[in-house]
There are 2 protein chains.
Amino acid sequence: MKTTRNTTAKTAVLEVFEKSKTALSHTEIQKQLNGICDRVTIYRILDRLMNDDIIHKISNLDGTVKYAKCNHSHQRVHIHNHAHFSCENCHEITCLENVKPSYIMPHNYKVKEINFTLSGLCPNCLNSNI
Amino acid sequence: MKTTRNTTAKTAVLEVFEKSKTALSHTEIQKQLNGICDRVTIYRILDRLMNDDIIHKISNLDGTVKYAKCNHSHQRVHIHNHAHFSCENCHEITCLENVKPSYIMPHNYKVKEINFTLSGLCPNCLNSNI
DNA sequence: AAAATATCGCAACAATGTTGCGATTAAATA
DNA sequence: TATTTAATCGCAACATTGTTGCGATATTTT
Ligand SMILES: [Zn+2]
Ligand SMILES: [Zn+2]
Ligand SMILES: [Zn+2]
Ligand SMILES: [Zn+2]
C-alpha cells in the first residue's frame, strides 16, 4: 500500500512552497522552517513529495538543486517538459510553464524526460540596470 | 597574462578525454589517471580546461556533473547550445552536437546560456531490450 | 643558470546528501 | 475511545563532491 501520511513537518514544507513564487533549495527550505524538524526529515519529505508528483526537482548548471511545486492544471499525464530560468544575478529559479522546447532527435534514442534550463538575467535584475 | 602551462597531469587528463566517446565525471577521470596526480589537481585542471574552452561542463538531472571535450568545428563564437543525452540505464552522457532546441521566451528575460539535457535510453541500451 | 610564476600535493574544511536504527506519531481497526 | 501497525522522525555516523591555503615543485622566460 505505502500510504503517505500528513505530518506537521510535511504540512510546513508545503506551506513554504505555497508562499514562494520561485524554486527552493533544501537549505532555503530548512531556513524557513526554523528548526521545526531535522534536515534529514526535509530530505525525506522532498523525496515523498516528488514521488507523489507534488513537487519537481530542478538541477541547475552550477550544480545547485532546487524544487518547485507542480502545476497540475490541465494535463492528464504528469510530465515536466517546461523550461526553467535561472538568474545569474539574484540566483532565483523560476518555472517557465509556457516555454517548451521543440527539437529533432536522432533515431534510436528513447527520450523519457527533458531538462531545459536557461540562464541569464531575470526581468527584475534586467530592469535594475545590472 | 596568465599563461597556461602544459604539465604532465594536464596532458594525461586530455588523453583521457581523447579516448572517451562520452562525457566524464571527475571521479571517472580520477580512476583512469590511476593516481598520477592528486584529486585537487584534477579539479584545477578541469577549471583551466573550461576557461580555455577546451572542455565544457554538463550538469545532469540527478545532480551529477560531467565534462566533455568541445567540438570546435565551424563556429566562430564559442557557445554550447547543443543538447546532451543521459542514459538512465548505463548512465553514460553524450553530446548531441546536432540537437539544438528552438523555443520562444517571454519578454524581459535576457538569456545568456542554455542547458538542454534529455534522458531515457541510449541506442546501446535500447537494443539490449531493457 | 637564475628568476618569476604557474602548478602541485597535502591537509583541512564546507556543503550536500544518504543510511541505520530505536523512538515517535498518524491513521486504520477494533 | 483504546489498541494496533506501520509510516515518519531524530540523531549519529558516514559518503561524496568540491574548495581553500600554503609551502614545495616544475615550467617558462630572461
Ligand atoms: Zn534576477
Ligand atoms: Zn518547473
Ligand atoms: Zn545506455
Ligand atoms: Zn556537449
Side-chain angles (χ1 to χ4, degrees), chain A residues 1-17 23-68 86 88 91 93 115 117, chain B residues 1-17 22-68 86 88 91-93 115 117:
Chain A
M1 297 290 121
K2 269 294 179 78
T3 62
T4 165
R5 294 182 178 175
N6 287 321
T7 65
T8 31
K10 182 182 165 189
T11 310
V13 170
L14 278 174
E15 270 170 23
V16 170
F17 275 115
L24 298 164
S25 68
H26 170 271
T27 311
E28 287 164 344
I29 295 167
Q30 188 181 5
K31 273 174 193 154
Q32 291 204 39
L33 287 184
N34 223 56
I36 219 180
C37 67
D38 195 74
R39 44 179 226 103
V40 179
T41 301
I42 300 176
Y43 277 115
R44 299 202 258 230
I45 289 173
L46 291 173
D47 281 345
R48 272 179 277 148
L49 292 178
M50 282 178 52
N51 252 313
D52 294 348
D53 279 330
I54 294 171
I55 61 172
H56 59 282
K57 189 177 184 174
I58 309 159
S59 56
N60 205 28
L61 258 180
D62 60 14
T64 57
V65 172
K66 300 213 176 189
Y67 306 86
S86 158
E88 67 181 26
H91 297 105
I93 295 184
N115 171 29
T117 309
Chain B
M1 299 290 121
K2 269 294 179 78
T3 61
T4 165
R5 293 179 180 177
N6 287 322
T7 65
T8 32
K10 182 181 165 189
T11 309
V13 170
L14 278 174
E15 269 170 23
V16 170
F17 275 114
T22 58
L24 298 164
S25 68
H26 169 272
T27 312
E28 288 164 344
I29 295 168
Q30 188 181 4
K31 273 174 193 153
Q32 292 205 38
L33 287 184
N34 224 54
I36 218 181
C37 68
D38 195 75
R39 44 179 226 105
V40 179
T41 301
I42 300 175
Y43 277 115
R44 298 201 259 231
I45 289 173
L46 291 173
D47 280 344
R48 270 179 278 148
L49 291 178
M50 285 179 54
N51 252 314
D52 294 348
D53 280 330
I54 293 170
I55 62 172
H56 60 282
K57 189 178 185 173
I58 308 159
S59 57
N60 203 29
L61 259 180
D62 61 14
T64 57
V65 172
K66 300 213 176 189
Y67 305 86
S86 157
E88 67 183 24
H91 297 106
E92 281 193 351
I93 296 184
N115 172 28
T117 310

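All chains are named by letter (A, B, ...) in the order of the sequence lines, taking the proteins before the strands, and each is independently numbered beginning at 1.
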Report the residues that fulfil side chain to side chain donor-acceptor pair (under 3.5 Å) with [X], sequence neighbours left out, ordered by chain and then residue number.
X: B/K57; result: none
X: A/E88; result: B/K112
X: A/S59; result: none
X: B/T27; result: none

Exercise for the section: Only counting residues at least two apart or in another chain, list the ones meeting ring pair (Phe, Tyr, Trp, His ring centres under 6.0 Å) with B/H56. Expected result: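 So B/H56 forms a ring pair (Phe, Tyr, Trp, His ring centres under 6.0 Å) with B/H80, B/H82, B/H84.
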Could you pull out every donor-acceptor pair under 3.5 Å between side chains of residues 33-41 of chain A and any protein atom, sequence neighbours left out?
residue : atom : partner : partner atom : Å
A/D38   : OD2  : A/V40   : N            : 3.0

Expressed in angstrom and rounded to an integer, what is the separation of [X] atom [atom1] from [N] atom [atom2]?
X: B/I42; N: C/dT7; atom1: CD1; atom2: P; result: 16 Å
X: B/N51; N: C/dT7; atom1: CG; atom2: C1'; result: 15 Å
X: B/L33; N: C/dC8; atom1: CG; atom2: P; result: 11 Å
X: B/L14; N: C/dT7; atom1: CG; atom2: P; result: 13 Å
X: B/I36; N: C/dT7; atom1: CD1; atom2: P; result: 17 Å
X: A/D38; N: C/dT16; atom1: CG; atom2: P; result: 15 Å

Problem - Pairwise side-chain contact, B/N115 with A/N60, heavy-atom cut-off 4.5 Å (strictly under) - result: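 A side-chain contact under 4.5 Å is absent here.
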Exercise for the section: May I ask you to test the B/I29-B/L46 pair for a side-chain heavy-atom distance under 4.5 Å? Expected result: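 Yes; the side chains approach each other to less than 4.5 Å.
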Problem - Pairwise ring-ring contact (aromatic ring centres under 6.0 Å, His included) hits with a residue in residues 35-55 of chain B, at least two apart - result: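 Those involving residues 35-55 of chain B are B/H26-B/Y43.
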Handout entry: Five-pair end axes of the helix from C/dA1-D/dT30 to C/dA30-D/dT1 and the angle they enclose, rounded to 10°
Key =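 That helix gives 30° between its end axes.
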Completion exercise
Protein-proximity profile, nucleotides 24-30 of chain C, B/S/- by nucleotide at the 4.0 Å heavy-atom cutoff, equals -BBS---
Practice task
Treat primed atoms plus P, OP1 and OP2 as sugar-phosphate and everything else as base, then score nucleotides 13-25 of chain D 5' to 3': B for base contact with protein heavy atoms under 4.0 Å, S for sugar-phosphate contact only, - for none.
Solution key: ----SBBBB----
Exercise for the section: Could you note down all residue pairs passing salt bridge (Lys or Arg N to Asp or Glu O under 4.0 Å) where residues 22-32 of chain B supplies at least one of them, sequence neighbours left out? Expected result: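 The answer is B/E28-B/K66.
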Problem - With A/E15 via salt bridge (charged side-chain N to carboxylate O under 4.0 Å, His left out) - residues at least two apart - result: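 Expected list: none.
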